[in-house]
Amino acid sequence: MRGHANSPSGSTQPFATIPGEMAERVRAFDWTTTPLGPIADWPQSLKTAVGIVLLSPVPLVMLWGEEGIMVYNDAYSVFAGGRHPDLLGSKVREGWPEVADFNDNVMKVGLAGGTLAYRDQELTLNRTGKPEQVWMNLDYSPILDESGKPAGVLAIVIEITERVRADAALRRSEERLRLATENADIGLWEVGADDNITLFYAPGSNAFSMPQDRKTSVDEFLSHLPPADAAQIVEAFAAARDPERRAAIDIEYRTLAMGDIPARWMAIKGRGVFHGDGRCLRLTGTAVDISMRKETEIALRESADQLRLATDHAEIGLWDVDNVTDTLYWPPRVKAMFGISSDRPVTLLDDFYPCLHPDDRERVGAAYA
């Protein structure tokens with residue numbers, strides 16, 4: 001500790017009734033080594049200001065006189081880190097040399113009777129032996145002496161570094177999520193307890209008939225779907241909200257064509273988010289436009305149906321062999337050609353080759369091989 005006791009502890013000593021480490025340090029400090037002089041000679045305005053600082057649970061530091069002699073409380077000592085306790089009684093410019101210009105302006109404005117307020121102020125401080133980036137909310141106001149003139153500056157110092165870093169981390173996380181969902185063409189949705197839907201990061205939001213990042217009622221959303229699909233979603237939402245079932249949502253549904261927007265197929269998956277008492281707080285999940293896949297499936301079915309009709313009319317049999325599993329597939333028509341029941345599995349060795357004329361087996365086997 002810099003300095004030494006300048007008066008015995010007792011009930012008449014200034015700040016004797018104020019608890020805390022900093023009150024004890026202020027009482028014991030040798031203020032004769034500073035422009036403030038011994039505590040006994042301090043003007044009442046200075047004693048009052050110091051008392052306010054020491055009693056406050058909020059980080060406060062008083063900067064007294066032209067050189068800003070520092071007196072601070074327990075909360076500020078935590079903020080000061082490794083600079084504490086050497087800051088006590090020091091000139092603010094020497095106590096925080098890395099932000100000397102900033103504090104020069106504070107003293108200039110405060111001693112002229114002005115106030116300053118900074119929000120999310122970024123500074124680089126050396127509290128642990130190395131520079132660190134910090135953010136603070138700062139408020140400065142003048143302290144008046146007995147004549148009513150500014151004699152010092154009172155600073156409220158609230159560090160918000162952790163909050164700023166947490167907010168930045170959240171923004172980075174949201175940005176990564178947005179990019180991932182946009183690149184994958186995936187929409188995120190949420191249905192609140194108020195039965196409103198909000199879409200997030202939904203490149204294909206037109207497929208939902210809903211604007212992105214704005215709440216839309218479930219009823220409005222369902223009005224743009226065929227009745228059967230709307231009923232399916234209502235049932236799935238109810239099952240997901242039921243605290244007993246907590247069913248997963250996994251649905252494919254269609255949207256109706258609207259103006260220039262064609263009908264589309266969507267696939268949604270999701271679950272309910274529940275409170276500890278069992279209440280469903282919201283439903284949340286993903287949505288993907290599967291129109292292309294559905295169109296392909298429909299085209300394949302139509303092609304298969306056309307092929308089946310063509311082969312039926314032409315009395316042609318089709319077959320397929322899986323080279324990996326050595327499985328032979330015969331549709332019922334081919335099995336009927338060989339006199340085999342339609343529900344019996346078939347193989348090349350046991351069913352196909354035995355049905356061939358002996359003179360043809362070697363030639364057909366070689367061709368297949």
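The side-chain heavy atoms of Glu66 and Lys91, taken from C-beta on, include no pair separated by under 4.5 Å. Looking at Met62 and Val153, their side chains never come closer than 4.5 Å, going by heavy atoms from C-beta outward. Two residues are said to be in side-chain contact when any heavy atoms from C-beta on lie closer than 4.5 Å; Asp104 and Lys108 fail this criterion. Side-chain contact between Met136 and Ile158 is absent, with no heavy atoms from C-beta onward closer than 4.5 Å. Residues Val364 and Phe352 have side chains in contact (heavy-atom distance under 4.5 Å, counting atoms from C-beta outward). The shortest side-chain heavy-atom distance between Leu281 and Arg279 falls under the 4.5 Å cut-off. Contact of the Phe237 side chain with the Val191 side chain is registered, since non-hydrogen atoms from C-beta on lie closer than 4.5 Å. Contact annotation: the side chain of Leu54 approaches that of Val26 to within less than 4.5 Å [non-hydrogen atoms, C-beta and beyond].
Within the structure, every pair that satisfies the side-chain hydrogen bond (donor to acceptor under 3.5 Å, both in side chains) test and touches residues 47-57, not counting sequence neighbours, is listed here: Gln44-Thr48. Counting only residues at least two apart or in different chains, ring pair (Phe, Tyr, Trp, His ring centres under 6.0 Å) contacts with residues 37-56 comprise Trp31-Trp42. Note on residues 127-173: no pairs pass ring pair (Phe, Tyr, Trp, His ring centres under 6.0 Å), not counting sequence neighbours.
Looking only at atom types and distance, the side chain of Tyr72 has a donor-acceptor partner in the side chain of His84 under 3.5 Å away. With 3.5 Å as the limit, one finds no donor-acceptor pair spanning the side chains of Ser217 and Asp219.
Atoms CD and OH, from Glu159 and Tyr76 in turn, are 10.5 Å apart once rounded to the nearest 0.5 Å. Separation of atoms CG (Leu88) and CD1 (Ile69) is listed at 10.5 Å; rounding is to 0.5 Å. One finds the CG atom of Asp74 at 10.0 Å from the CD atom of Glu24 (value rounded to the nearest 0.5 Å). Between Asn103 atom CG and Leu123 atom CG the span is 8.5 Å, to the nearest 0.5 Å. Separation of atoms CD1 (Ile268) and CG (Asp250) is listed at 9.0 Å; rounding is to 0.5 Å. Between atom CG of residue Asn196 and atom CD of residue Glu220 there is a gap of 9.5 Å, rounded to the nearest 0.5 Å.
A single hydrophobic cluster is seen to contain both Val234 and Tyr253, as judged by linkage of ILVMFWY side chains at heavy-atom distances under 4.5 Å, directly or through other members. One hydrophobic cluster holds both Val58 and Val61 under the rule that ILVMFWY side chains link at heavy-atom gaps under 4.5 Å. Grouping the Ile, Leu, Val, Met, Phe, Trp and Tyr side chains by contacts below 4.5 angstrom, directly or via other members, places Leu356 with Ile340. Follow the hydrophobic side-chain contacts under 4.5 Å out from Trp96 and you reach Phe102 in the same cluster.
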Quiz prompt | Stepwise side chain to side chain contact (heavy atoms under 4.5 Å, CB included) check, Leu188 with Thr284 | solution = CA-CA 8 Å; Leu188 303 182; Thr284 185; over 6 Å; no
Exercise. Go through the steps for His224 and Leu222 under the test side chain to side chain contact (heavy atoms under 4.5 Å, CB included), then give the verdict.
Key: CA-CA 5 Å; His224 298 292; Leu222 296 176; over 6 Å; no
Practice problem: Could you give me the CA-CA distance, side-chain angles and deciding distance for Asn126 and Arg83, then say whether side chain to side chain contact (heavy atoms under 4.5 Å, CB included) is met? | Solution: CA-CA 8 Å; Asn126 187 344; Arg83 289 285 175 84; 3.5 Å; yes
Quiz prompt | Chi angles and distances behind the salt bridge (Lys or Arg N to Asp or Glu O under 4.0 Å) call for Lys130, Glu98 | solution = CA-CA 11 Å; Lys130 60 181 180 180; Glu98 61 270 39; over 6 Å; no
Practice problem: Evaluate the criterion side chain to side chain contact (heavy atoms under 4.5 Å, CB included) for residue pair Leu87 and Met70; output intermediate values, then yes/no. | Solution: CA-CA 7 Å; Leu87 287 178; Met70 301 180 67; 4.1 Å; yes
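Summarising the geometry of Ile39 relative to Pro14, their closest heavy-atom pair is CG2-CG, 3.2 Å, with the distance given to 0.1 Å. Residues Arg282 and Gly192 share a closest heavy-atom pair of CB-CA, 4.2 Å. Listed here is the closest heavy atom pair of Gly272 and Cys280: CA-SG, 4.2 Å. Across Arg264 and Ser291, no two heavy atoms sit closer than the pair CB-OG, 3.2 Å. In terms of heavy atoms, Ala240 sits closest to Leu283 at CB-CD2, 3.8 Å. Between Thr124 and Pro131, the shortest heavy-atom contact is CG2-CB, 3.8 Å.
Under the rule for a salt bridge (Lys or Arg N to Asp or Glu O under 4.0 Å), the partners of Asp229 that lie at least two apart in sequence or sit in another chain are Arg254. Taking the salt bridge (Lys or Arg N to Asp or Glu O under 4.0 Å) definition, one finds that Asp101 meets it with Arg93, sequence neighbours left out.
Proximity of a side-chain donor or acceptor of Asn73 to a complementary backbone N or O of Leu60 within less than 3.5 Å is detected.
Residue Glu235 qualifies as open at atom CD: its count of foreign heavy atoms under 6.0 Å is 12 or below.
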Enumerate, atom names and distances included, each donor-acceptor pair closer than 3.5 Å involving a side-chain atom of residues 112-120, sequence neighbours excluded.
| from | atom 1 | to | atom 2 | distance (Å) |
| --- | --- | --- | --- | --- |
| Arg119 | NH1 | Leu138 | O | 3.4 |
| Arg119 | NH1 | Asp139 | OD2 | 3.3 |
| Arg119 | NH2 | Asp139 | OD1 | 3.1 |
| Arg119 | NH2 | Asp139 | OD2 | 3.1 |
| Asp120 | OD1 | Arg163 | NH2 | 2.8 |

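Stacking of Arg127 on the aromatic ring of Phe79 is recorded, both the 6.0 Å distance cut-off and the 45° axial limit being met. Both cation-pi conditions hold for Arg246 and Phe274: the charged atom is under 6.0 angstrom from the six-membered ring centre and inside a 45 degree cone around its axis.
A salt bridge links Glu21 to Arg25: one of the charged nitrogens lies within less than 4.0 Å of a carboxylate oxygen. The pair Arg241-Asp195 counts as a salt bridge, with a side-chain nitrogen and a carboxylate oxygen less than 4.0 angstrom apart. Ion pairing between Arg271 and Glu190 fails under the 4.0 Å rule for side-chain N and carboxylate O.
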